[in-house]
Trainee: 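Structure in structure tokens, see below.
This one's a predicted model, so the numbers in the text were calculated from it and none came from an experiment. Because only heavy atoms are used, hydrogens play no part in the values below, and waters and symmetry mates are left out as well, while side chains stay in.
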Amino acid sequence: MSADFDFSELRRFSAALEAGDAALVKNLKTAVGISALKGKRAWQAAAKGGRRLRAYPFSIDYDKVQVTAGAISTELGPNLSRNQGALGIIEDAPGGVRSHPQRNYVEAEKVIESDLVNGVLKAFDDALGGAL
């Protein structure tokens with residue numbers, strides 16, 4: 001390693017990471033929650049229009065964002081306790097179901113895929129005070 005290497009920028013970045021830890025977790029939870037909400041809306045919009053499954057789109061929701069063991073997560077999809085929520089089986093329609101696969105969740109995946117990356121990057125930038 002060269003003796004003339006300047007570590008000052010790396011030290012400032014490390015200090016910013018430590019100071020921004022609480023803000024970062026809060027911002028990441030917000031990013032995941034917003035992406036889940038947008039995904040929920042996209043999934044519901046894709047699922048609307050079926051004559052027999054009129055209540056199904058309204059069964060799609062997401063759980064409160066959780067922080068556990070260093071992971072930030074939520075679950076998005078049909079809620080079994082809501083009207084027609086158990087009919088989420090139509091999404092991939094395995095054998096024995098008299099329906100072709102709906103795959104409405106693909107629309108949610110598209111929305112979340114782009115939105116979540118942007119949200120996470122913004123969460124880091126905001127927590128570090130624009131250091132990125």
Trainee: Below 3.5 Å, can you tabulate the donor-acceptor pairs from side chains in residues 22-37 to any protein atom, sequence neighbours excluded?
Mentor:
unit_1 : atom_1 : unit_2 : atom_2 : d
Asn27  : ND2    : Ala23  : O      : 3.4
Asn27  : ND2    : Ala123 : O      : 3.4
Thr30  : OG1    : Lys26  : O      : 3.1
Ser35  : OG     : Ala31  : O      : 3.2
Ser35  : OG     : Asp115 : OD2    : 2.7
Ser35  : OG     : Leu116 : N      : 3.4

Trainee: With sequence neighbours left out, what residues match Asp63 under side chain to side chain contact (heavy atoms under 4.5 Å, CB included)?
Mentor: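 Counting only residues at least two positions away or on another chain, Asp63 forms a side chain to side chain contact (heavy atoms under 4.5 Å, CB included) with Thr74, Glu75.
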Trainee: Return the set of residues passing side chain to side chain contact (heavy atoms under 4.5 Å, CB included) with Val106 (not counting sequence neighbours), or none when no residue passes.
Mentor: Arg103, Glu109, Lys110
Trainee: State, with a plain yes or no, whether a side-chain heavy atom of Phe58 is found less than 4.5 Å away from one of Lys48.
Mentor: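 Contact flag for Phe58/Lys48 side chains = yes.
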Trainee: When clusters are formed by joining ILVMFWY residues with side-chain heavy atoms under 4.5 Å apart, either directly or through shared neighbours, do Trp43 and Val111 land in the same one?
Mentor: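 Result: no, two separate clusters.
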Trainee: Using a 3.5 Å distance criterion without hydrogens, assess whether the side chain of Gln44 forms a donor-acceptor pair with backbone atoms of Pro57.
Mentor: yes
Trainee: If I take atom CG from residue Asn79 and atom NZ from residue Lys40, how far apart are they, to the nearest 0.5 angstrom?
Mentor: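 Going from CG on Asn79 over to NZ on Lys40, the span is 10.0 Å.
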Trainee: Once you round to the nearest 0.5 Å, how far does CD1 of Ile60 lie from CG of Leu76?
Mentor: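 The CG atom of Leu76 is 8.0 Å from CD1 of Ile60, to the nearest 0.5 Å.
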